[in-house]
Peer 1: 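Take this structure first; my questions come after.
Just so we're on the same page: letters track the sequence lines, and every chain starts at 1.
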Number of protein chains: 2
Amino acid sequence: MNRPGIHLKLRRIGIDTYKENVAYLHRDCPVYRTEGFQALAKVEINSVDDHQQVLAVLNVVNDGQIMAVDELGLSEQAFDQLGLDDGDMVCIAHAVPPESLDAVHRKIAGERLQSEDFLSIIRDVVDHRYSRMEMSAFLVACSESGMEREELLYLTEAMVNTGEKLDWGEGLVADKHCIGGIPGNRTTMLVVPIVAAHGMLIPKTSSRAITSPSGTADTMEALASVALGLDELREIVRHERGCLAWGGTARLAPADDILISVERPLSLDSPGQMVSSILSKKVAAGATHLLIDIPVGPTAKVHRMNDALRLRKLFEYVGDRLGLHLEVVITNGEQPIGRGIGPALEARDVIKVLENDPEAPHDLREKSLRLAGRILEFDPDVRGGEGYAIARDILETGRAMARMQSIIASQGVNEKPPVLGELIMEVAAPEAGFVTEIDNLQMARIARMAGAPMDKGSGVDLLKKMGDKVEAGEILYRIHAEFPADFDFAVELSKKDIGFSIDDKPPAPRNFPPL
Amino acid sequence: MNRPGIHLKLRRIGIDTYKENVAYLHRDCPVYRTEGFQALAKVEINSVDDHQQVLAVLNVVNDGQIMAVDELGLSEQAFDQLGLDDGDMVCIAHAVPPESLDAVHRKIAGERLQSEDFLSIIRDVVDHRYSRMEMSAFLVACSESGMEREELLYLTEAMVNTGEKLDWGEGLVADKHCIGGIPGNRTTMLVVPIVAAHGMLIPKTSSRAITSPSGTADTMEALASVALGLDELREIVRHERGCLAWGGTARLAPADDILISVERPLSLDSPGQMVSSILSKKVAAGATHLLIDIPVGPTAKVHRMNDALRLRKLFEYVGDRLGLHLEVVITNGEQPIGRGIGPALEARDVIKVLENDPEAPHDLREKSLRLAGRILEFDPDVRGGEGYAIARDILETGRAMARMQSIIASQGVNEKPPVLGELIMEVAAPEAGFVTEIDNLQMARIARMAGAPMDKGSGVDLLKKMGDKVEAGEILYRIHAEFPADFDFAVELSKKDIGFSIDDKPPAPRNFPPL
């Protein structure tokens with residue numbers, strides 16, 4: 001049976017509106033008379049046979065060049081979601097507000113929500129029934145002051161249960177995650193080959209950079225393919241006991257990506273949001289044992305040890321109830337880890353560590369060995385405290401390098417490895433003294449301006465780190481860029497603020513709990 | 001001095017995105033390399049000389065038909081705000097997040113905000129620096145559970161102080177406002193001529209319908225022009241002591257319209273939001289004495305007397321501190337007021353009351369006289385309790401009608417008054433008995449479906465009201481429509497639910513405090 005009402009011709013409009021579906025209707029379309037639409041109204045578009053539907057926000061077109069009066073346009077993502085062809089007939093109607101908005105209103109009014117409330121909200125989010133405004137309302141209502149940790153558990157479970165879930169068929173599936181914010185810091189690319197060489201399963205999927213100059217997936221891509229299908233991934237992991245892939249291909253905890261698309265522009269980053277985002281992805285990816293790294297420092301995501309401890313407890317509470325074996329380490333996040341910032345520069349550091357090159361950045365090597373050691377101790381046969389020595393042994397005997405080469409070969413070698421950007425600016429110390437501070441945020445900004453992560457050879461190469469003694473005019477770091485415009489912007493930015501502080505006295509050493 | 005960076009050619013894109021500014025950039029535009037934009041990013045567009053700026057959300061265009069790679073498109077409203085011409089050169093950059101978002105984050109964290117916090121937030125809202133997501137975050141953080149009434153006062157003051165303010169140069173400027181939700185209910189069109197005929201100043205501006213089948217401005221437009229410039233308005237008011245105009249032309253408390261564009265789709269309608277919205281508009285419009293009408297009923301906006309009383313206290317608290325002489329009346333909102341629902345039908349009711357026609361709807365006449373009476377008692381020379389009799393005298397002697405005719409003539413007679421829609425469906429009682437309920441919401445929906453308020457002759461004409469005795473098959477109401485498609489939809493809707501309840505026994509009379 002056909003839908004009643006006015007039928008319109010579907011048209012794909014070549015506009016990318018990311019996670020927000022937009023429908024376009026010509027101002028003179030006869031459907032206004034019957035429905036009383038207004039720009040920004042939420043509408044549903046249905047196939048005439050009623051089998052396909054997509055929700056969208058309405059924009060009103062006054063230009064016959066863009067579309068005709070008898071057409072209904074959809075932005076690219078919305079068109080793809082609907083799954084019909086250009087010219088197919090469709091109907092448009094006011095969208096019924098998602099029923100779960102009732103639970104959001106109860107949350108706004110201060111109620112505690114139940115497990116089924118979160119499930120219905122997250123299901124509607126995943127089905128694209130929420131506008132960005134509505135998600136914003138939900139997230140703010142759930143922010144710090146408004147959510148019990150029990151509710152956080154429900155939210156995380158709902159995020160897991162509304163997507164696919166991987167099953168690796170083993171009792172110990174290791175994973176690691178850093179909450180981010182520290183440039184360089186490519187420990188994952190060392191931890192995975194070490195842990196896999198030990199024989200422990202570590203099928204690691206990572207994200208690409210969004211606000212940082214490089215994510216693990218971006219850096220790994222300088223060496224190998226990372227966009228692998230799920231079947232390929234299984235085959236590689238079966239063979240290598242580990243992988244270093246991009247996680248964007250599987251539909252794991254899809255609510256997470258959608259909510260992040262609202263949290264990020266709003267700078268909503270409450271501990272609860274971080275915990276539910278990370279743990280939902282990990283559980284969906286099939287992890288059973290998880291190590292979380294929380295770097296602390298004045299320009300890290302977490303500034304004070306007290307906040308790190310509170311965040312740790314929240315991870316532990318939710319992780320335990322999800323049945324994860326979860327451990328949290330709090331690490332020094334006072335400055336970037338390693339020397340390179342940007343995909344190619346970071347890959348260079350990683351390879352140097354794997355090659356046991358004496359020039360390899362010591363901090364990257366040490367942190368990676370300690371993290372790998374903690375993960376190796378998930379193995380019941382590894383005695384507490386012995387993990388570090390085993391990890392070091394695997395690295396020093398070249399077994400980590402061999403495993404990395406094998407993983408790279410399995411994923412597919414990058415035949416055109418990036419070269420460092422040839423436009424170079426050397427930034428010098430304005431005065432003599434000791435490096436007392438390196439601003440993570442400013443170094444990340446400069447590297448991004450230079451073109452990272454899009455131009456893989458661009459970024460920042462640090463020649464000095466905290467505590468180093470420098471003469472006036474001695475080089476602190478090099479900016480690499482591929483394109484003149486980017487180069488100029490990055491140089492400009494570093495002139496405004498070089499990101500380094502130099503002082504007469506060396507910085508006081510700070511105490512972090514040993515890994 | 002010219003702005004650095006890539007210059008693009010401005011282009012007006014014929015897309016209406018209502019209160020959300022959208023910028024369009026071609027996928028291959030060279031600016032992506034330097035800025036790393038992503039769809040939905042918040043951007044600022046600046047004139048090359050840096051004198052004009054507009055903020056917008058970015059959509060990425062993949063279709064050369066819509067725009068070229070060296071162009072920057074703006075949606076219609078954004079284009080108008082920027083105030084440049086097609087082809088002028090502009091620059092695009094990441095928008096700096098509004099500084100006042102810091103206060104929003106403090107509110108989310110549970111802090112009480114100060115007067116200056118609200119002022120900076122509302123100023124940024126008015127300058128279009130907030131995305132809809134950000135406004136949603138602010139509004140939810142300020143919702144019922146999160147806002148002290150002191151903060152509500154600050155918010156309202158901020159809304160007044162970020163727009164224009166009218167000054168009528170007199171010590172007593174009367175106004176009235178109904179919180180809405182009751183179809184028909186065109187008391188304003190009777191109160192204004194009565195009060196003006198008494199000599200009291202009542203420069204009434206009203207809104208058009210947004211979710212209802214008719215607003216006062218829509219109904220008045222059936223009789224006269226309502227879109228008047230401020231100078232015209234002043235001239236008319238000086239002459240007539242009153243007017244019945246559309247309020248959309250003046251920039252009074254502009255934050256209100258912007259916030260409403262987020263509150264409405266989110267169904268956020270906390271008492272606080274209602275109070276700040278109404279009072280900010282009234283103070284900005286120069287009112288000194290204000291009567292607020294809160295209808296209560298099972299299908300009204302406020303369902304219970306207790307909630308009405310709480311809302312009244314909130315109005316009183318904020319109104320008093322704003323220096324308003326404010327009174328609140330709680331009225332019977334159990335069913336529509338008058339017989340007609342829709343612009344032409346409501347105008348007919350109003351004229352019948354003014355003509356003292358014995359067929360005129362009694363409830364509309366009585367309620368209007370009582371409201372007018374209360375307003376007349378703002379006059380120090382009118383003894384408490386005498387207002388009603390004075391109002392009735394003005395009505396019965398024809399002075400109200402004369403004043404209305406004079407106001408209509410001043411504003412400009414509608415030379416083409418609407419005729420009632422000629423497609424008519426008579427909806428009959430399914431059984432004999434008493435009308436015990438009339439659903440305000442369902443009657444409004446049917447009238448809208450029939451074409452109101454756009455088609456001024458469309459709507460619903462009630463022949464029976466609560467308490468009336470009916471035979472089976474006796475007509476309850478008539479649906480009028482102008483267009484067959486609308487007519488079919490409205491008939492369909494009334495068949496699903498006629499909106500009337502019929503019972504053996506008459507409805508129990510409910511007690512409302514006397515006006």
Peer 1: Shorter than 4.5 Å, heavy atoms on both sides: which option in B:I15, B:L58, B:I13 has the most such pairs with chain A?
Peer 2: B:I15

Peer 1: Quick check on B:S267 against chain A: is it the side chain, the backbone, both or neither that has a heavy atom closer than 4.5 Å?
Peer 2: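 Contact with chain A is through both the backbone and side chain of B:S267.
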
Peer 1: Using a 4.5 angstrom heavy-atom cutoff, name the option from B:T17, B:D63, B:L268, B:V60 with the most pairs to chain A.
Peer 2: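 Answer, by heavy-atom pair count under 4.5 Å with chain A: B:V60.
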
Peer 1: Among the options B:G64, B:A137, B:P453, B:S261, pick out the one with the most heavy-atom pairs lying under 4.5 Å from chain A.
Peer 2: B:A137

Peer 1: Please name the pair of heavy atoms, one in A:M133 and one in B:R132, separated by the smallest distance, quoted to 0.1 Å.
Peer 2: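 Looks like CE-NH2, 3.4 Å.
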
Peer 1: Of the backbone (N, CA, C, O) and the side chain (C-beta and beyond), which part of B:R27 lies under 4.5 Å from a heavy atom of chain A, both, or neither?
Peer 2: side chain

Peer 1: Using a cut-off of under 4.5 Å on heavy-atom pairs, state which of B:H105, B:E134, B:M135 scores highest against chain A.
Peer 2: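 Top count of heavy-atom pairs under 4.5 Å with chain A: B:H105.
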
Peer 1: Quick one: what part of B:Y24 sits under 4.5 Å from any heavy atom of chain A, side chain, backbone, both or neither?
Peer 2: side chain

Peer 1: Most heavy-atom pairs under 4.5 angstrom with chain A, which of B:E76, B:E492, B:E20, B:H26?
Peer 2: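 Top count of heavy-atom pairs under 4.5 Å with chain A: B:E76.
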
Peer 1: Which one wins on heavy-atom pair count under 4.5 Å against chain A: B:I66, B:N59, B:D488?
Peer 2: B:N59

Peer 1: Does A:R264 have more than 12 heavy atoms from other residues, nucleotides or ligands lying within 6.0 Å of its CZ?
Peer 2: yes

